[in-house]
Amino acid sequence: MERGRKRLLGMTLVELKTAVQELGMPAFTAKQITQWLYEKRVRTLDEMTNLSKQNRIRLAEVFEVGTMPPLDCQQSKDGTIKYLFPVRCAENAEPSAGKFVETVFIPDGERATLCVSCQVGCKMNCLFCQTGKQGWDGNLTVADILNQIYALPEAERLTNIVFMGQGEPMDNLDNVLRATEILTADWGYAWSPKRITVSSVGVKGKLKRFLDESQCHVAISMHSPIHEQRLQLMPAEKMQSIKDTVELLKQYDFTHQRRCSFEYICFGGLNDQPLHGREIVKLLDGLECRVNLIRFHEIPDVDLPPSDERRMEALRDYLTKHGVFTTIRASRGQDIFAACGLLSTAKRQQA
């Protein structure tokens, strides 16, 4: 890929119509390009065979498809595959800018989920998360986000996408919203929004905008229902408390197809006690939602103990008994550092 050419990948139908008309091409060419991009996932402009050769030459003077294959992959003993993708973080950046993200493919019977990243690193700096220890090194563009799907070898098998990889989606909201627009538009991937879940720690102003502008599922990282304790685990609690986040969510309807869930990493003796069960029930009263309990995967230099199976099951049973549908999420890809909270490309970028 040459520097200076724009990427078609990540452009909406409206943007493509403007672009082709500026090049003196008919407006219907834009719809043809979206079909080649999002239905057939071509790698080169020459593959767009229903465009005239002259129009392809004209297009190539300004644009490229813009897809980049993964540079590496690791496969877990449980079948999970972690891919390393190069990213640009800016349209005019060199393809070899030395920035990367990790993306995780999780097969499970007929279901196949892709955990995508939206930032290089993360600003939220949650105590228990390896990505946060990396710091932040840029927002992914729409093309960077979609390329994780576009260039995935298993793309045809995907049934679900979760924005739970590296980064805080609400901190790169414009590009996340555009990516989900392309994923759900009839001229794009034409996916149902209920196949996509976007996670967040809860970012003031941004979460409300996401809820207003998207119909995708939302998953909130809770990890403690108690303000003081959550603040110690998650600095973002200072910006928007979990109480304020839940009050915001109660203004929306999750009784039909759209789903609201809470992610809850369990730390032994810290947030898995009867007190926490009672406070979660109190906090979520009146909100249609579910809670996913997650095993803590230890990371270097963080003195947090994982919860044992007995305590997690007791917390699950208490919440379920009191009307909060709760599951214990199966841990996947831990042996290749692909499990929750373990993604990081810090060493790659320092190399």
Side-chain angles (χ1 to χ4, degrees), residues 82 101-102 104 115 117-139 162-172 198-204 206-207 218-246 261-277 279-280 283-284 291-309 311-312 315 328-329 331-334 336-347 349-350:
K82 183 172 71 172
V101 293
E102 292 182 326
V104 182
C115 181
S117 295
C118 63
Q119 294 181 310
V120 180
C122 184
K123 296 177 185 176
M124 299 301 110
N125 197 28
C126 297
L127 178 61
F128 47 83
C129 181
Q130 188 67 37
T131 307
K133 308 303 175 194
Q134 177 179 339
W136 178 83
D137 199 24
N139 285 331
V162 294
F163 282 75
M164 296 182 181
Q166 292 177 244
E168 163 58 52
M170 302 304 140
D171 198 38
N172 188 17
V198 179
S199 69
S200 179
V201 298
V203 178
K204 194 168 185 177
K206 300 293 185 69
L207 179 58
V218 62
I220 301 297
S221 299
M222 181 191 295
H223 312 310
S224 176
I226 300 167
H227 170 73
E228 294 79 12
Q229 187 176 61
R230 189 172 187 260
L231 185 59
Q232 292 178 337
L233 294 169
M234 306 171 66
E237 171 74 4
K238 188 174 182 180
M239 295 186 293
Q240 178 165 305
S241 70
I242 189 63
K243 181 180 178 181
D244 288 345
T245 295
V246 171
S261 60
F262 290 87
E263 309 300 300
Y264 197 95
I265 296 176
C266 292
F267 307 104
L270 184 66
N271 68 344
D272 60 353
Q273 301 302 296
L275 167 66
H276 297 93
E279 290 298 319
I280 292 171
L283 177 69
L284 300 183
V291 173
N292 297 314
L293 303 181
I294 304 169
R295 294 167 180 82
F296 174 55
H297 306 106
E298 296 179 77
I299 63 174
D301 303 318
V302 174
D303 187 21
L304 288 171
S307 186
D308 62 37
E309 198 72 20
R311 281 276 6 122
M312 290 183 70
L315 182 57
I328 297 175
R329 182 186 291 171
S331 223
R332 299 290 300 273
Q334 188 172 358
I336 57 169
F337 296 94
C340 181
L342 297 183
L343 300 183
S344 176
T345 53
K347 289 184 178 178
Q349 283 160 216
Q350 292 166 2

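All residue numbers in this chain count up from 1 along the given sequence. Basis for what follows: all heavy atoms, side chains included, without hydrogens, waters or symmetry-related copies.
Distance check, rounded to the nearest 0.5 Å: CD of Q240 to CD1 of I220 gives 8.0 Å. Of the inter-residue distances, the one linking I280 atom CD1 with Y264 atom OH reads 4.0 Å to the nearest 0.5 angstrom. The CG atom of D272 sits 9.5 Å away from atom CG of L293, with the distance rounded to the nearest 0.5 Å. Here the straight-line distance linking atom CG of L283 with atom NE2 of H276 works out to 12.5 Å at 0.5 Å rounding. Atom CG of L304 is separated from atom CG of N271 by 9.0 Å, given to the nearest 0.5 angstrom.
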Exercise for review: Determine, stepwise, if the pair L207 / T245 fulfils side-chain contact (heavy atoms from CB on, under 4.5 Å).
Suggested key: CA-CA 8 Å; L207 179 58; T245 295; 3.7 Å; yes

Exercise for review: Applying side-chain contact (heavy atoms from CB on, under 4.5 Å), run through K133 and L127 and close with a yes or a no.
Suggested key: CA-CA 8 Å; K133 308 303 175 194; L127 178 61; 4.1 Å; yes

Exercise for review: Applying side-chain contact (heavy atoms from CB on, under 4.5 Å), run through I294 and I265 and close with a yes or a no.
Suggested key: CA-CA 5 Å; I294 304 169; I265 296 176; 4.1 Å; yes

Exercise for review: Test side-chain contact (heavy atoms from CB on, under 4.5 Å) on L231 and K238 and set out the steps.
Suggested key: CA-CA 7 Å; L231 185 59; K238 188 174 182 180; 3.8 Å; yes

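Salt bridge present: R295 and E309 bring a charged side-chain N and a carboxylate O closer than 4.0 Å.
Between the side chain of S117 and the main chain of Q119, no donor-acceptor pair closer than 3.5 Å is present. Between the R230 side chain and the M222 main chain, a donor and an acceptor come within less than 3.5 Å of each other. The backbone N or O of R329 sits nowhere less than 3.5 Å from a side-chain atom of N292 that would complete a donor-acceptor pair. At least one donor-acceptor pair closer than 3.5 Å links the side chain of E168 to the backbone N or O of M170. K243 contributes no side-chain N or O that, together with a main-chain N or O of P225, makes up a donor-acceptor pair within less than 3.5 Å.
Side-chain polar atoms of E237 and H227 form a donor-acceptor pair below 3.5 angstrom. Side chains of S221 and E263: no donor on one and acceptor on the other come within 3.5 Å.
The side-chain hydrogen bond (donor to acceptor under 3.5 Å, both in side chains) search around S199 returns none, not counting sequence neighbours.
Counted within 6.0 Å of NZ on K204, heavy atoms from surrounding residues, nucleotides or ligands total 12 or fewer; the atom is thus considered open.
Of all non-hydrogen atoms in C266 and L315, the two that sit nearest each other are SG-CD2, 4.3 Å. Closest heavy-atom contact between I242 and S224: CG2-O, 4.1 Å. In terms of heavy atoms, C118 sits closest to G167 at SG-C, 3.8 Å. For the pair L270 and Q229, the tightest heavy-atom approach, listed with the atom from each and the gap, is O-NE2, 2.7 Å. The minimum heavy-atom distance linking V201 with C126 is given by the pair CG1-SG, 4.4 Å. Pairing each heavy atom of E279 with each of I226, the nearest pair is CG-CG1, 4.3 Å.
Residues F163 and P169 form a side-chain contact, since some pair of their non-hydrogen atoms from C-beta on lies under 4.5 Å apart. By the 4.5 Å heavy-atom criterion applied to side chains, F128 and L233 are counted as neighbours. No side-chain heavy atom of V120 sits under 4.5 Å from any side-chain heavy atom of W136.
Between F267 and H223, the ring centre distance reaches or exceeds 6.0 Å.
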